[in-house]
Amino acid sequence: MSMPRIVLPPGLSEENALANIIASIALEEAALAHIINAEGEKIQRVVGTFVPEGETEPMEPLVPAPDAEDMQAINTTVGDMMETISNIESSLHSKLRTVLAVLEIPPAV
């Protein structure tokens with residue numbers, strides 16, 4: 001099977017297309033950073049150390065207080081999310097390396 005030929009839309013150069021891909025990677029990275037932050041805040045909320053933005057004191061404790069089973073469940077969901085994010089990061093890294101190779105820019109070490 002041969003490689004498919006992708007025809008760029010009129011007015012879109014290969015350089016612009018590659019720049020768009022790099023921008024989309026950056027946006028995905030920003031989205032993942034927000035998800036990681038939300039997962040951290042989730043843990044902080046469960047253990048009672050979450051301080052909302054603009055506040056100086058932690059939020060009121062959860063009622064009823066989470067037990068060991070609740071903590072394990074949160075740990076599992078956060079771990080699953082971090083594994084998913086790691087897989088997405090690998091894909092993004094691969095995309096970026098491909099774009100840099102096309103642009104003939106050596107990847108950073």
Side-chain angles (χ1 to χ4, degrees):
M1 192 152 108
S2 63
M3 276 298 262
R5 175 137 170 78
I6 298 172
V7 179
L8 296 175
L12 183 63
S13 69
E14 181 178 323
E15 187 175 283
N16 285 342
L18 295 171
N20 287 343
I21 292 169
I22 292 171
S24 73
I25 291 169
L27 289 170
E28 287 186 71
E29 291 285 356
L32 292 175
H34 285 287
I35 293 169
I36 291 169
N37 185 61
E39 292 300 303
E41 289 178 352
K42 182 191 307 182
I43 293 169
Q44 290 174 333
R45 182 70 176 112
V46 170
V47 298
T49 61
F50 178 66
V51 179
E53 190 173 328
E55 300 290 324
T56 58
E57 297 295 321
M59 291 181 73
E60 292 291 321
L62 295 174
V63 177
D67 59 16
E69 189 174 309
D70 295 328
M71 298 269 192
Q72 181 61 43
I74 292 294
N75 188 57
T76 299
T77 63
V78 170
D80 290 347
M81 181 59 73
M82 295 307 295
E83 183 177 346
T84 299
I85 289 170
S86 178
N87 292 336
I88 295 168
E89 285 286 348
S90 293
S91 175
L92 292 175
H93 180 75
S94 178
K95 287 179 189 179
L96 184 58
R97 284 182 22 175
T98 301
V99 170
L100 293 177
V102 170
L103 291 172
E104 298 179 349
I105 299 172
V109 176

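Computation of the quantities below employed the complete heavy-atom set of this structure, encompassing side-chain atoms and omitting hydrogens, waters and symmetry-equivalent molecules.
- No side-chain heavy atom of T77 sits less than 4.5 Å from a side-chain heavy atom of M81.
- With values rounded to the nearest 0.5 angstrom, T98 atom OG1 is found 10.0 Å from K95 atom NZ.
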Using a 3.5 Å cut-off and no angle test, enumerate the donor-acceptor pairs between side-chain atoms of residues 44-67 and protein atoms at least two apart in sequence or in another chain.
residue, atom, partner, partner atom, Å
R45, NH1, E60, O, 2.7
D67, OD1, E69, N, 3.1
D67, OD1, D70, N, 2.8

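- Rounding to the nearest 0.5 Å places CG of L32 at 11.0 Å from CG of L27.
- Remark: the backbone N or O of Q72 is paired with a side-chain donor or acceptor of T76 at under 3.5 angstrom.
- The CD1 atom of I35 sits 5.5 Å away from atom CD1 of I85, with the distance rounded to the nearest 0.5 Å.
- For the atom pair CG (L103) and CD1 (I21), the distance works out to 9.0 Å, reported to the nearest 0.5 Å.
- Residues I43 and N75 are not in side-chain contact: their nearest non-hydrogen atoms beyond the backbone lie 4.5 Å or more apart.
- The side chain to side chain donor-acceptor pair (under 3.5 Å) search around K42 returns E39, not counting sequence neighbours.
- Heavy atoms of other residues, nucleotides or ligands lying less than 6.0 angstrom from CD of E89 number more than 12.
- Residue L96 holds its CG atom at 11.0 Å from OG of S91, rounded to the nearest 0.5 Å.
- Within the model, atoms CD of E29 and NE2 of H34 stand 12.0 Å from one another, a figure rounded to the nearest 0.5 Å.
- Proximity of V102 to E14: side-chain heavy atoms (C-beta onward) are separated by under 4.5 Å at one or more points.
- E83 and N87 form no side-chain donor-acceptor contact under 3.5 Å, judged by distance and modelled atom types alone.
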